Amino acid sequence: MVKILPRNFYIRPTLTVAYDLLGARLVRIFEEVRLAGTIIEVEAYISEEDLACHAKSGKTKRNEVMYGPPGHAYVYFTYGMHWMLNVVTEREGYPAAILIRAIKVSEGADIVAFRRQGGETNGPGKVTQAFGINGSLNGACLCDPASGLWIEAGTHPAQSDIITGPRVGLKTVPEPWKSIPWRFRYRR
DNA sequence: AGCACGATGCTCT
DNA sequence: GAGCATCGTGCTT
């Protein structure tokens with residue numbers, strides 16, 4: 001029996017949701033094929049206070065989905081070539097989201113492409129590439145299977161199997177945000 | 001194994 | 001015009 005994570009899952013504090021997403025299963029219907037993978041690495045971006053968060057300068061056209069209701073996808077384009085997949089958390093009006101940085105592919109043709117790496121993607125750009133995720137999914141509802149993108153409950157790892165550390169790629173972000181341990185990873 | 005760098009285009013100042 | 005929540009390559013240890 002499939003259990004799609006409901007909106008109530010996402011409305012909780014972002015760090016709690018990030019922690020709970022480890023072990024959950026990201027599912028994508030792409031060209032009528034079901035692709036799925038276990039979420040193994042995430043990062044939290046929380047509020048206008050967080051100077052690494054896109055919401056640091058307030059609401060803009062780009063980040064407006066983060067201000068919307070929880071349980072939606074925030075997908076943005078960066079470095080001229082990469083799409084990033086985030087899930088929106090907390091109450092509507094409070095900008096926060098979780099970046100899906102890595103998954104272990106378990107279903108779908110793309111498993112072949114990642115088999116050499118043990119089925120794992122190794123960066124957020126690889127997740128979106130593997131699952132055919134782009135800007136057309138920005139704002140998509142993860143609680144509605146019609147969107148073709150959702151998350152199902154999985155087996156959560158034990159606390160001792162989770163590594164916490166600073167978020168990746170924040171070059172010019174001031175402290176404490178640059179080093180705050182808001183990255184969660186399932187130990188290999 | 002680790003670091004430096006270029007690709008490439010969109011967003012915000 | 002600067003900077004970017006990245007990735008692959010090519011070079012150094």
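For clarity, every value in this text was computed on a predicted model and none was experimentally measured. Below, chains carry the letters A, B, ... as their sequence lines are ordered, and counting in each starts from 1. The analysis underlying the following values was restricted to heavy atoms, covering all of them including side chains, and did not include hydrogens, waters or symmetry mates.
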Quiz item: Which atom names give the shortest non-hydrogen contact between A:I133 and A:R28, and what distance separates them?
Solution: CG1-NE, 4.0 Å

Practice problem: Check A:E92, A:R7, A:M66 against A:H72 for a side-chain contact (heavy atoms from CB on, under 4.5 Å) and give me the one that passes. | Solution: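 Only one of A:E92, A:R7, A:M66 forms a side-chain contact (heavy atoms from CB on, under 4.5 Å) with A:H72, namely A:R7.
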
Using a heavy-atom cut-off of under 4.0 Å over every strand shown, decide if [X] touches base, sugar-phosphate, or nothing.
| X | result |
| --- | --- |
| A:R167 | nothing |
| A:M81 | base |
| A:L99 | base |

Going only through I, L, V, M, F, W and Y residues with side-chain contacts under 4.5 Å, is there a path from [X] to [Y]?
| X | Y | answer |
| --- | --- | --- |
| A:V127 | A:Y79 | no |
| A:I11 | A:Y74 | no |
| A:F9 | A:V88 | yes |

Exercise. If the plane angle is over 60° it's perpendicular, under 30° parallel, otherwise tilted; pick one for A:H156 and A:Y19.
Key: tilted

Practice problem: Specify whether A:W83 and A:F77 have parallel, tilted or perpendicular ring planes, treating 30° as the upper limit for parallel and 60° as the lower limit for perpendicular. | Solution: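 Rings of A:W83 and A:F77: tilted, 30 to 60°.
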
Exercise. Find the runs of at least 3 consecutive base pairs, i with j, i+1 with j-1 and so on, that include DNA chain C, using Watson-Crick or G-U wobble geometry with both distances under 3.5 Å.
Key: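 Stem list for DNA chain C: B:1-7 with C:6-12, B:9-12 with C:1-4.
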
Quiz prompt | Covered region of DNA chain B, 5' end to 3' end, by chain A [heavy atoms, under 4.0 Å] | solution = B:dA7 to B:dT13

Exercise. Could you tell me whether the side chain of A:I46 reaches within less than 4.5 Å of the side chain of A:L15, counting heavy atoms only?
Key: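 They are in side-chain contact.
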
Practice problem: Report yes or no: does A:N63 contribute a side-chain atom to a donor-acceptor pair with the main-chain N or O of A:H54 at less than 3.5 Å? | Solution: yes

Exercise. Ignoring hydrogens and angles, tell me if any N or O in the side chain of A:S179 forms a donor-acceptor pair with the backbone of A:P176 under 3.5 Å.
Key: no

Quiz prompt | First-last contacting nucleotides on DNA chain C - partner chain A, under 4.0 angstrom, heavy atom | solution =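 On DNA chain C, the outermost contacted nucleotides are C:dC4 to C:dG8.
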
